[in-house]
Number of protein chains: 2
Amino acid sequence: MKKQKSDVERFAQHCRSHGLSVTHQRLAIFEALAASREHPSAEQLHRAVQRRIPTLSLATVYKNLEALKTIGAVMDVNPLHEEGRYEAALPGTGAGKPHHHLVCISCKKVRDLYDGGLDRLRIADAQGFDVRAVRVQAEGLCPECRARSRV
Amino acid sequence: MKKQKSDVERFAQHCRSHGLSVTHQRLAIFEALAASREHPSAEQLHRAVQRRIPTLSLATVYKNLEALKTIGAVMDVNPLHEEGRYEAALPGTGAGKPHHHLVCISCKKVRDLYDGGLDRLRIADAQGFDVRAVRVQAEGLCPECRARSRV
DNA sequence: CCATTTTGGAGAATCATTCTCCAAGGAGAC
DNA sequence: GTCTCCTTGGAGAATGATTCTCCAAAATGG
């Protein structure tokens, strides 16, 4: 079909214009990701693509996801997945009250964000989920990393 | 000081009422977490508490964080930190437009959430951050997990 | 203080992710 | 198409975070 072709073309151009070659492994990984609405893990993508390319190694999936992230063709669902981060949750600890987070995309620092306006958010279409909490995560560069990147 | 004492008491009661004994390791870990505004990792907490309890093992920190999570005294900053999750980000892939996420706290499934009302959020006090993106994460039980938990 | 559970410490085991090294495959020039 | 050059892929080892196993020590309830 025509539409499919043009998506592949767009991807190929995006890669080439950023200096990445277009291998069939890379293309297959991207196609599998774009076709899924599951926000898959590297392992799930590996399994999916292996049906087409049985020799595909898991390390290749990781290498390609990393490469595609740097050219903006792929995103992490979450910027804080490398190690667990915790906060106290008992009243009196400061974290007892509802709050949100500022996350530095460079150094991964997290700051609390208290903003009454964000506490009244309503989810219009919860798709059958029983929503227990709505968290806002504002992602950007912290003051320290801004200063450092300006040097 | 009086205030300090009462926080410790509150923590001890919370533990006992949930069937957890109150060890000095557990208390020290909670105190270190409550005293920090850094949203520390397990490793950072371990280093902090070791100054008071040099023999404390890292495994103990993990075991206690897990135990305290189940009684609600501690929370993860992020429910998706066990493995990386990805999405395509090129126009035409559906993930190109701004969107938010519904996350199941039980099975960790992620669904896209398109809601124009959430795209206009402004951060009142960005604390010097250069905010690049504001993501809303609605956490709760997905339809499947709701059905399963009702059995 | 005694008996019963729960917990802590040490290190091995596991899981996700990254790295190393070499051979194979793409991209551009002819 | 063919020849280089450089990027990429595959295999498996290495690393880092987290969990498990096993036994001794400490907490709880009487």
Side-chain angles (χ1 to χ4, degrees), chain A residues 8-9 11-33 39-47 49-50 52-71 73-74 76-86 108, chain B residues 8-9 11-33 39-47 49-50 52-71 73-74 76-86 108:
Chain A
V8 169
E9 244 338 288
F11 173 74
Q13 278 188 2
H14 191 80
C15 285
R16 290 206 191 87
S17 71
H18 288 265
L20 286 187
S21 44
V22 183
T23 63
H24 55 123
Q25 287 93 335
R26 183 164 290 157
L27 178 59
I29 290 167
F30 182 79
E31 283 186 318
L33 182 57
H39 300 79
S41 63
E43 179 109 24
Q44 290 175 314
L45 277 173
H46 180 230
R47 275 197 296 271
V49 178
Q50 262 192 331
R52 287 213 271 151
I53 309 177
T55 60
L56 185 84
S57 97
L58 180 55
T60 297
V61 175
Y62 277 107
K63 282 191 271 198
N64 276 294
L65 287 171
E66 186 57 34
L68 295 178
K69 266 197 291 187
T70 67
I71 67 167
V74 162
D76 291 300
V77 169
N78 202 290
L80 290 177
H81 62 62
E82 54 291 308
E83 58 181 3
R85 305 284 289 268
Y86 305 89
K108 310 296 179 184
Chain B
V8 170
E9 244 337 290
F11 174 73
Q13 278 187 2
H14 191 82
C15 285
R16 291 206 189 86
S17 71
H18 288 265
L20 286 187
S21 44
V22 183
T23 63
H24 56 122
Q25 287 93 335
R26 183 165 291 159
L27 178 59
I29 290 166
F30 182 80
E31 284 185 317
L33 182 57
H39 302 78
S41 64
E43 180 109 23
Q44 289 174 312
L45 277 173
H46 179 231
R47 276 197 296 271
V49 177
Q50 263 191 330
R52 287 213 272 150
I53 309 177
T55 60
L56 185 83
S57 97
L58 179 56
T60 298
V61 174
Y62 278 107
K63 281 191 272 198
N64 276 295
L65 287 171
E66 185 57 35
L68 294 178
K69 265 195 293 185
T70 68
I71 69 168
V74 163
D76 293 298
V77 168
N78 200 290
L80 289 178
H81 63 63
E82 53 291 309
E83 56 180 4
R85 305 283 288 268
Y86 305 89
K108 310 295 182 186

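Everything quoted here is computed from the prediction, not taken from an experiment. So that the names make sense, note that chain A is the first sequence line, chain B the second, and so on, each numbered from 1.
- Comparing C:dG9, D:dG10, D:dG9 against the side chain of A:Leu56 picks out D:dG10 as the nearest.
- As rounded to whole Å, 15 Å separates atom C1' of D:dT8 from atom CG of A:Leu27.
- Following rounding to the nearest Å, A:His46 (NE2) and D:dG9 (C1') show an atom-to-atom distance of 12 Å.
- The two atoms that bring B:Val22 and B:Cys15 nearest to each other are CG2-CB, 3.9 Å, heavy atoms only.
- With distances taken from any side-chain atom of B:Ser21 to the nucleotides C:dG8, D:dA27, D:dG10, the minimum falls on D:dA27.
- The B:Val22 side chain lies nearest to D:dT28 when the options are D:dT28, C:dG8, D:dG10.
- Rounded to whole Å, atom C1' of D:dG29 lies 12 Å from atom CZ of B:Arg16.
- Sequence neighbours left out, the pairs with a member in residues 57-66 of chain A that pass salt bridge (Lys or Arg N to Asp or Glu O under 4.0 Å) are A:Glu66-A:Lys69.
- Between the C1' atom of D:dA27 and the NE2 atom of B:His18 lies a distance of 18 Å, rounded to the nearest Å.
- Regarding B:Arg26, its CZ atom lies at a distance of 12 Å from the P atom of C:dG9, rounded to whole Å.
- Without hydrogens or angle criteria, A:His81 side chain to B:Leu80 main chain gives no donor-acceptor distance under 3.5 Å.
- Between B:Thr55 and A:Leu20, the residue anchored nearer the 5' end of DNA chain C, judged by the nucleotide with its closest heavy atom, is B:Thr55.
- Here the C1' atom of nucleotide C:dG25 and the CD1 atom of A:Ile53 are 13 Å apart, to the nearest Å.
- Proximity of A:Tyr86 to B:Asp76: side-chain heavy atoms (C-beta onward) are separated by under 4.5 Å at one or more points.
- OP1 or OP2 of C:dG9 lies within a sub-4.0 Å distance of a side-chain N or O belonging to B:Thr60.
- For the residue pair B:His18 and B:His14, the shortest heavy atom distance occurs at CD2-O, 2.9 Å.
- Here C:dA10 presents its C1' atom at 13 Å from CD of B:Gln50, a figure rounded to the nearest Å.
- Within the 4.5 Å cutoff, no side-chain heavy atoms of A:Arg85 are placed close to those of B:Asn78.
- Under 4.0 angstrom from either OP1 or OP2 of D:dG9 there lies at least one side-chain N or O belonging to A:Asn64.
- The phosphate of D:dG9 has OP1 or OP2 within less than 4.0 Å of a side-chain N or O from A:Thr23.
- Counting heavy atoms from C-beta outward, A:Leu45 and A:Leu65 have side chains that approach closer than 4.5 Å.
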*Can you check each nucleotide of nucleotides 17-23 of chain D against protein heavy atoms at under 4.0 Å and return B for base, S for sugar-phosphate only, - for none, in 5' to 3' order?*
SBBBB--
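- Per the geometry, CD belonging to A:Gln25 stands 11 Å off P belonging to D:dA11, to the nearest Å.
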